[in-house]
Amino acid sequence: MAQSDFFEQVYQVVRLVPKGRVTSYGAIAAYLGAKSSSRLVGYAMNGSHQQQPPVPAHRVVNRKGLLTGKVHFAHPHHMQELLEAEHIQVINDQVVDFEKLFWDPAIELAL
DNA sequence: AAGGTGACAGTTT
DNA sequence: TAAACTGCCACCT
């Protein structure tokens, strides 16, 4: 295997998130079998900006649907704009109908 | 080499 | 009820 670090695994899953959908750090961690390491998922996104192809980190939010990682983007408001560009409503840094737009890899990719 | 960090999540007070 | 603390484990300095 190549340098398939935990980060690489996270990037792969995030890139599988369909457009117009969102997922949570815990869901990705759980899919990787490390639900207890949800923080690692967020930490992994730290280098997602320099990954190629780009990782849609804007589709990843915390369990509450809050855009907690928006501050890590080029500009704090960039994340919301990206979500709105995908027809995802974001109010007060929170994804509207988060439960409906939620995309769980453990379920969607299980098929 | 060893220790500290953190874009979370669950539990407890 | 809401707010605060702890656990967690790979990456970074």
Side-chain angles (χ1 to χ4, degrees):
Chain A
M1 294 293 288
Q3 42 282 48
S4 58
D5 298 328
F6 185 84
F7 280 33
E8 189 69 18
Q9 297 284 73
V10 175
Y11 301 144
Q12 291 292 347
V13 177
V14 175
R15 284 187 286 225
L16 291 173
V17 179
K19 181 181 178 183
R21 295 280 181 160
V22 294
T23 187
S24 65
Y25 304 96
I28 297 170
Y31 179 74
L32 297 177
K35 63 180 194 260
S36 302
S37 305
S38 54
R39 303 177 86 178
L40 280 307
V41 179
Y43 204 91
M45 308 313 292
N46 255 310
S48 64
H49 293 286
Q50 64 182 6
Q51 290 303 317
Q52 186 60 226
V55 178
H58 60 275
R59 294 178 188 160
V60 185
V61 295
N62 68 355
R63 196 183 177 304
K64 299 172 188 169
L66 291 173
L67 282 56
T68 53
K70 68 176 184 177
V71 296
H72 284 266
F73 282 74
H75 295 294
H77 58 84
H78 193 206
M79 186 175 184
Q80 181 172 339
E81 291 182 358
L82 289 171
L83 290 171
E84 290 178 346
E86 297 184 357
H87 306 285
I88 298 175
Q89 292 182 320
V90 179
I91 299 176
N92 193 11
D93 296 338
Q94 183 176 1
V95 177
V96 180
D97 295 332
F98 172 67
E99 297 180 358
K100 292 168 66 176
L101 297 175
F102 183 71
W103 183 85
D104 190 344
I107 297 175
E108 302 295 336
L109 298 179
L111 297 180

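In the text below, chain A, chain B and the rest are named by the order of the sequence lines, each starting its count at 1.
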Checklist entry - Of all residues at least two apart in sequence or in a different chain, which pass the ring pair (Phe, Tyr, Trp, His ring centres under 6.0 Å) check with A:H75? => result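 Only A:H77 meet the ring pair (Phe, Tyr, Trp, His ring centres under 6.0 Å) criterion with A:H75.
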Distance-only donor-acceptor pairs under 3.5 Å for side chains of residues 99-111 of chain A, two or more places apart:
from   : atom 1 : to     : atom 2 : distance (Å)
A:D104 : OD1    : A:A106 : N      : 2.9

Checklist entry - Taking atom CZ of A:R21 and atom CG of A:L83, what is their separation to the nearest 0.5 Å? => result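 Spacing of CZ (A:R21) from CG (A:L83) equals 13.5 Å.
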Checklist entry - So do A:I88 and A:V95 actually touch side chain to side chain, heavy atoms under 4.5 Å? => result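 The answer is yes, as the side chains (C-beta and beyond) meet within the 4.5 Å cut-off.
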Checklist entry - Side-chain contact, heavy-atom cut-off 4.5 Å: A:Y25 with A:T68? => result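 The answer is yes; the side chains approach within 4.5 Å.
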Item to check | Residues that A:D93 engages under side-chain hydrogen bond (donor to acceptor under 3.5 Å, both in side chains), provided they are two or more places apart | outcome: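 With sequence neighbours excluded, A:D93 shows a side-chain hydrogen bond (donor to acceptor under 3.5 Å, both in side chains) to A:K70, given in chain and number order.
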Item to check | chain A contact limits on DNA chain C, taken 5' to 3' with a cut-off of 4.0 angstrom to heavy atoms | outcome: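 Contact boundaries, 5' end first: C:dG7 to C:dC12.
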Item to check | Of all pairs that satisfy salt bridge (charged side-chain N to carboxylate O under 4.0 Å, His left out), the ones with a partner from residues 42-58 of chain A, not counting sequence neighbours | outcome: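 Passing the test, one end in residues 42-58 of chain A: no pairs.
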Of all of [range], which get a heavy atom below 4.0 angstrom from DNA chain C, listed by number?
| range | answer |
| --- | --- |
| residues 81-92 of chain A | none |
| residues 39-47 of chain A | A:R39, A:L40, A:Y43 |
| residues 16-26 of chain A | none |

Item to check | Co-membership, hydrophobic cluster, residues A:F6 and A:L16, 4.5 Å side-chain | outcome: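 Hydrophobic grouping puts A:F6 with A:L16.
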Checklist entry - In terms of hydrophobic clustering (I, L, V, M, F, W, Y; side-chain heavy atoms under 4.5 Å; direct or indirect links), are A:V22 and A:F73 co-clustered? => result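 Same hydrophobic cluster.
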Checklist entry - Quick one: how far along DNA chain B does chain A reach, first to last nucleotide 5' to 3', anything under 4.0 Å to a heavy atom? => result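 Terminal contacting nucleotides, 5' to 3': B:dT5 to B:dG10.
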Please report, to 0.1 Å, the donor-acceptor pairs under 3.5 Å made by any side chain of residues 47-67 of chain A, with sequence neighbours excluded.
from  : atom 1 : to    : atom 2 : distance (Å)
A:S48 : OG     : A:M45 : O      : 2.6
A:H49 : NE2    : A:H72 : O      : 3.3
A:H58 : NE2    : A:E86 : OE2    : 3.1
A:R59 : NE     : A:E86 : OE1    : 3.0
A:R59 : NE     : A:E86 : OE2    : 3.1
A:R59 : NH1    : A:V17 : O      : 2.7
A:R59 : NH2    : A:E86 : OE2    : 2.8
A:N62 : OD1    : A:K64 : N      : 3.1
A:N62 : OD1    : A:G65 : N      : 3.0
A:N62 : OD1    : A:L66 : N      : 2.7

Next on the checklist: Please classify the nucleic acid contact of A:H49 as base, sugar-phosphate, or nothing, using heavy-atom distances under 4.0 Å.
Outcome noted: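 Base, at least one base atom sits under 4.0 Å.
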Next on the checklist: So A:A29, base contact, sugar-phosphate only, or nothing? Heavy-atom distance under 4.0 Å.
Outcome noted: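 No contact at all - A:A29 keeps every heavy atom at 4.0 Å or more from the nucleic acid.
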Using a 3.5 Å cut-off and no angle test, enumerate the donor-acceptor pairs between side-chain atoms of residues 28-41 of chain A and protein atoms at least two apart in sequence or in another chain.
none

Checklist entry - With A:Q12, which residues qualify under side-chain contact (heavy atoms from CB on, under 4.5 Å), at least two apart? => result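 A:Q12 satisfies side-chain contact (heavy atoms from CB on, under 4.5 Å) with A:E8, A:R15 only.
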Checklist entry - How far, in whole Å, is C:dT6 from B:dG4 if one measures between their P atoms? => result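 Pairwise P distance, B:dG4 against C:dT6, rounds to 16 Å.
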